[in-house]
Amino acid sequence: MEYTWETLRQDCLQCRKCALCETRSNVVFGVGNENARVLFIGEGPGQNEDLQGEPFVGRGGQLLDKMLAAVDLDRSKNIYIANIVKCRPPKNRDPLPEEQDACIGWLREQVRLLRPQVIVCLGRIAAMKLIKPDIRITKEHGVFWEKNGVWMTATLHPAALLRNPAQKPAAFEDFLKLREKLDELGIA
Ligand code: URA
């Protein structure tokens, strides 16, 4: 089945592939420019995202938006933001492997439509799923890998930065490296 953004969104909003559908308020499909070449991927919605139906709208999201703005990136202009799982895991626990596996097909379709040149994983869960299962995010954040013609990198999760502000400069370095990569590729 060939999806368009609209048919993909419609099907995803009806999803009942895992038990998270029972407790969600909203499916958090994703947000941003559907023609962007840069895709950010988080782990899953928290409470604010579940209530508003948009990724990264809580305190972590505000911090993310600030770091994005510092390198001329903006969810309403030149990037797209999605999550590994589209529905909130209760009490903000990590999404279970079976929930990730049930949901990942939606993200794959989003990637197929977007055809990003750069994918930025926000935090360990996304990095493990998309870059490599044994990634050490504290050591390997800011590193770029090329996979099937797409540049992949990971940075620290904004929620981790709120818990541990001493890591903010390291994360900011990752955003500066990202800007260098985008300039090199002539995108965004
Ligand atoms: N954390 C995530 O990983 N994704 C969101 O959308 C919000 C918080």
Side-chain angles (χ1 to χ4, degrees), residues 5 8-9 12-13 15 17-18 20-21 23-34 36 38-69 73-111 114 116 118-133 135 137-138 140-142 152-165 167-168 170-172 174-175 178:
W5 279 106
L8 181 62
R9 177 190 296 275
C12 184
L13 295 188
C15 181
K17 289 182 204 273
C18 86
L20 296 181
C21 70
T23 47
R24 72 184 177 220
S25 313
N26 285 291
V27 173
V28 179
F29 178 73
V31 72
N33 184 332
E34 292 168 357
V38 191
L39 172 60
F40 284 76
I41 303 177
E43 85 183 49
Q47 184 177 30
N48 294 299
E49 292 76 22
D50 174 64
L51 292 173
Q52 295 182 44
E54 179 170 331
F56 289 101
V57 290
R59 274 182 67 224
Q62 288 168 22
L63 175 57
L64 175 63
D65 283 339
K66 266 206 233 169
M67 292 194 296
L68 290 169
L73 297 175
D74 182 327
R75 67 174 77 197
S76 69
K77 294 199 176 82
N78 52 5
I79 62 168
Y80 197 89
I81 309 180
N83 281 307
I84 298 284
V85 300
K86 309 299 194 221
C87 298
R88 182 192 181 200
K91 299 184 194 150
N92 297 344
R93 63 162 169 74
D94 289 349
L96 302 172
E98 60 262 35
E99 292 160 353
Q100 296 183 38
D101 290 342
C103 204
I104 196 84
W106 298 120
L107 180 63
R108 299 222 181 277
E109 292 294 341
Q110 288 175 309
V111 169
L114 196 66
V118 177
I119 293 180
V120 181
C121 296
L122 295 167
R124 188 180 128 265
I125 297 275
M128 285 174 61
K129 191 75 183 162
L130 301 174
I131 299 177
K132 53 178 180 172
I135 193 161
I137 192 103
T138 45
E140 296 181 287
H141 66 89
M152 313 270 309
T153 189
T155 188
L156 304 161
H157 195 286
L161 301 178
L162 291 175
R163 283 193 302 271
N164 187 359
Q167 290 183 322
K168 281 186 192 177
F172 191 62
D174 295 344
F175 279 74
L178 171 64

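For ligands, and for the atoms within them, numbers begin at 1 and follow the listed sequence.
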- With heavy atoms under 4.0 Å as the rule, classify the contact between E49 and ligand 1 as side chain, backbone, both or neither. side chain
- Task: Check each of N33, L39, V38, V31 against I79 using the side chain to side chain contact (heavy atoms under 4.5 Å, CB included) test, and report the only one that passes.
- Result: V38
- Query: So, do C12 and K86 sit near enough that their side-chain heavy atoms are less than 4.5 Å apart?
  - Reply: yes
- Query: Quick one: which ligand 1 atoms are inside 4.0 Å of a heavy atom on G42?
  - Reply: 3 (O)
- Query: Do P89 and T23 come within less than 4.5 Å of each other through their side chains, counting heavy atoms only?
  - Reply: no
- So, does H157 sit close enough to ligand 1 that a heavy atom of it is under 4.0 Å from the ligand? yes
- Which option, G46, G44, G60, owns the non-hydrogen atom nearest atom 5 (C) of ligand 1? G44
- Item | Test item, A159 contacting ligand 1 (heavy atom, 4.0 angstrom) | no
- Message: Using a 6.0 Å cut-off, check whether atom NZ of K132 has over 12 heavy atoms from anything other than its own residue.
- Response: yes
- Query: Salt-bridged, R75 to D65, with N to O below 4.0 Å?
  - Reply: yes
- Query: atom 6 (O) of ligand 1: which protein heavy atom is closest, and how many Å away?
  - Reply: N83 ND2, 2.8 Å
- May I ask you to check whether F56 has an N/O atom sitting below 3.5 Å from an N/O atom of ligand 1? yes
- P55 heavy atoms, cut-off 4.0 Å: which ligand 1 atoms fall inside? 6 (O)
- Side chain to side chain, L107 and K129, heavy atoms closer than 4.5 Å: no
- F40 vs F175 aromatic rings, parallel, tilted or perpendicular, using cut-offs 30° and 60°? parallel
- Is it true that L122 lies under 4.0 Å from ligand 1, counting heavy atoms only? no
